[in-house]
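Please read the structure below before turning to the comments.
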Amino acid sequence: MHALRRWWHDTAGGLPATFWYLWAGLLINRAGAFAMLFLSLYLTDVRGASEGLAGTVVGAYGAGGAAGVLLGGVLADRWGRRATLLAAHLTTVGLMVTLAFTRPLLLIAVLSALIGVVHSMPSPAFVAAIVDVVPAERRSRAFNLQFWAFNLGMAVASLLAGVLAEASFTALFLVDAGATLTAAAVIAWKVPETLRLTRPAAGPQPVTAPRSIRTRRPGLHTALTDRTFLVFVGLTFVLAVLTMQTSTIMPLAMRADGLGPSSYGLVVALGGALIVVGQLFVPRLIDRHRKDVVLAASTALLALGFGALAIADELAIYLGAAVVWTVGSMLAAPPNAQINADLAPPQLRARYQSVFYLTFPAAAFVAPTLGGVSLQHLGDRHWLIVGGLGLLAALGHLLAGPPRERHVAALRRVVDQEPTPADRVPTG
């Protein structure tokens with residue numbers, strides 16, 4: 001019993017109530033976000049769209065997501081986290097209900113793009129709010145739980161979506177809207193505004209302060225020109241390209257090896273099950289180690305897992321490789337989010353998050369575009385290239401880690417000299 005209490009404390013102890021309401025809102029949101037998973041089938045089976053047109057509409061949703069991430073980051077730093085979350089969730093409800101009863105394909109495409117925008121807007125606000133309320137020493141476990149909730153919600157969504165789609169696509173959209181409305185109600189009821197604007201310290205900042213602090217008019221451009229941050233974003237982009245292989249290139253490789261959709265589903269399900277069962281044990285494994293070392297090790301595991309597919313020709317090898325790269329993903333999630341939070345000046349937390357989250361739609365474009373050509377012309381050697389890219393990124397984490405920690409330490413020293421919470425003014 002003592003061991004169980006100790007494990008629970010190490011995994012979820014010491015986190016404020018506001019975090020848990022944010023966590024619940026995220027879980028409900030993800031568990032109900034299933035309608036867009038079946039958008040292409042809805043368009044072809046119900047609305048009679050061609051596969052090419054369906055792909056274009058789904059692409060519009062993805063393009064809207066890239067814009068929504070940036071918009072959400074700017075608004076969360078200006079309006080506030082709570083206001084941005086509520087605006088995005090309530091707008092999603094209205095758009096989703098409208099989509100359920102819309103017939104013209106052009107209007108469906110416009111609605112899909114707008115839903116892509118509002119679906120992505122909450123991500124920077126969620127993470128920025130977590131950083132606002134969770135002390136630095138407990139953020140690793142908070143981000144671990146966030147990653148777990150996201151994947152648990154997606155697993156539930158995948159199961160519910162199939163059942164609802166068989167019954168009614170209209171019900172699929174309406175239940176999605178209902179789940180989003182429930183998440184909004186939790187946020188409105190229990191999550192206060194966490195954004196505080198800090199008055200600038202009197203006088204110019206010392207030249208030893210990071211450029212992100214010394215900038216007179218900080219904004220989105222600050223994140224886009226912060227070299228230390230952009231190196232980290234670049235390494236995260238490589239990690240995202242690796243993980244995207246699962247949903248973009250691996251199905252093609254499995255088909256070439258004579259393995260059908262059921263085999264692919266089993267590999268994906270295994271990864272999801274490992275995350276749901278094992279993610280809660282990650283904090284005790286990584287908390288005693290430097291974040292750059294953990295990221296290097298996790299990226300190396302991803303590289304080895306995908307590199308092993310060069311010799312895969314049967315299901316057992318794919319399943320074994322899936323275990324390796326899934327463990328890598330599990331280990332990478334908390335330090336990746338924590339470093340991103342550490343690098344952001346307090347007044348730009350959501351903007352930095354929005355730039356960070358752009359790596360995922362970018363990877364979703366690059367992975368299938370270049371990966372398909374690579375697989376076609378290089379065959380199994382494609383996986384050796386993927387593995388080599390991952391190993392280079394692991395080395396990059398080891399090289400970038402020490403200067404990044406010095407940058408974070410300098411940022412903290414300047415922030416610690418700013419006014420106390422009593423001098424901070426609530427906004428939004």
Side-chain angles (χ1 to χ4, degrees), residues 14-16 18-19 73 76-77 81 124-144 146 194-233 235-236 283 286-296 333-356 397-427:
L15 296 172
T18 299
F19 165 78
D77 279 337
R81 319 328 187 186
F126 263 123
V127 178
I130 290 172
V131 177
D132 290 341
V133 302
V134 176
E137 67 274 10
R138 296 191 177 98
R139 285 176 190 159
S140 178
R141 67 186 69 173
F143 289 130
N144 188 69
Q146 177 209 5
T194 66
L195 174 64
R196 297 293 182 268
L197 291 183
T198 304
R199 300 189 185 98
Q205 295 293 343
V207 295
T208 55
R211 182 182 178 277
S212 54
I213 288 290
R214 290 186 279 116
T215 302
R216 288 188 177 184
R217 300 179 67 86
L220 190 60
H221 69 279
T222 309
L224 293 171
T225 55
D226 185 335
R227 293 180 182 178
T228 302
F229 174 67
L230 291 179
V231 169
F232 172 67
V233 169
L235 293 171
T236 302
I286 67 174
D287 281 350
R288 292 169 292 178
H289 303 284
R290 284 170 30 199
K291 293 187 284 292
D292 57 315
V293 173
V294 174
L295 279 177
N336 222 35
Q338 191 175 3
I339 291 171
N340 188 32
D342 290 344
L343 288 170
Q347 71 272 29
L348 299 176
R349 278 174 180 159
R351 287 178 174 91
Y352 270 62
Q353 292 293 334
S354 67
V355 175
F356 172 79
H397 277 296
L398 292 176
L399 295 175
R404 185 170 59 219
E405 289 302 315
R406 291 192 294 270
H407 179 92
V408 170
L411 179 61
R412 285 176 178 169
R413 283 195 298 270
V414 174
V415 171
D416 289 343
Q417 296 170 4
E418 292 183 348
T420 63
D423 295 324
R424 295 178 181 177
V425 182
T427 67

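We count residues from 1, following the sequence as given. Just so we're clear, the structure is a prediction, and the values are computed from it rather than from any experiment.
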With sequence neighbours excluded, tell me which residues meet side-chain hydrogen bond (donor to acceptor under 3.5 Å, both in side chains) with [X].
X	value
Thr194	Asp132
Arg138	none
Asp292	Arg290

### Message
Applying ring-ring contact (aromatic ring centres under 6.0 Å, His included), can you list everything that pairs with Phe126, at least two apart in sequence or on another chain?
### Response
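So Phe126 forms no ring-ring contact (aromatic ring centres under 6.0 Å, His included) with any residue.
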Could you tell me which residues satisfy side-chain contact (heavy atoms from CB on, under 4.5 Å) with [X], sequence neighbours excluded, listed by chain and number?
X	result
Leu224	Leu220, Val355
Leu230	none
Ala337	Phe143

Is there a donor-acceptor pair closer than 3.5 Å between any side-chain N or O of [X] and the backbone N or O of [Y]?
X	Y	answer
Asn144	Pro334	no
Arg81	Ala76	yes
Arg139	Val131	yes
Arg404	Phe232	no

### Task
Go through the steps for Leu343 and Phe356 under the test side chain to side chain contact (heavy atoms under 4.5 Å, CB included), then give the verdict.
CA-CA 11 Å; Leu343 288 170; Phe356 172 79; over 6 Å; no
### Task
Can you see which heavy atom on Ala128 is nearest to which on Arg349, and at what distance?
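Scanning both residues completely, I find the closest heavy atoms to be CB-CB, 4.2 Å.
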### Query
Cut-off 3.5 Å, side chains only: do Asn340 and Gln353 have a donor facing an acceptor?
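Yes, because at least one side-chain N or O of Asn340 sits under 3.5 Å from a partner of the opposite role on Gln353.
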Got [X] and [Y] here, is their nearest side-chain heavy-atom distance under 4.5 Å?
X	Y	value
Pro124	Tyr352	no
Ile286	Pro335	yes
His407	Asp226	yes
Leu295	Ile339	yes

### Task
Considering only NZ, NE, NH1 and NH2 on the basic side and carboxylate oxygens on the acidic side, decide whether Asp342 and Arg412 come within less than 4.0 Å.
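Looking at Arg412 together with Asp342, the answer is yes, because their closest N to O distance falls below 4.0 Å.
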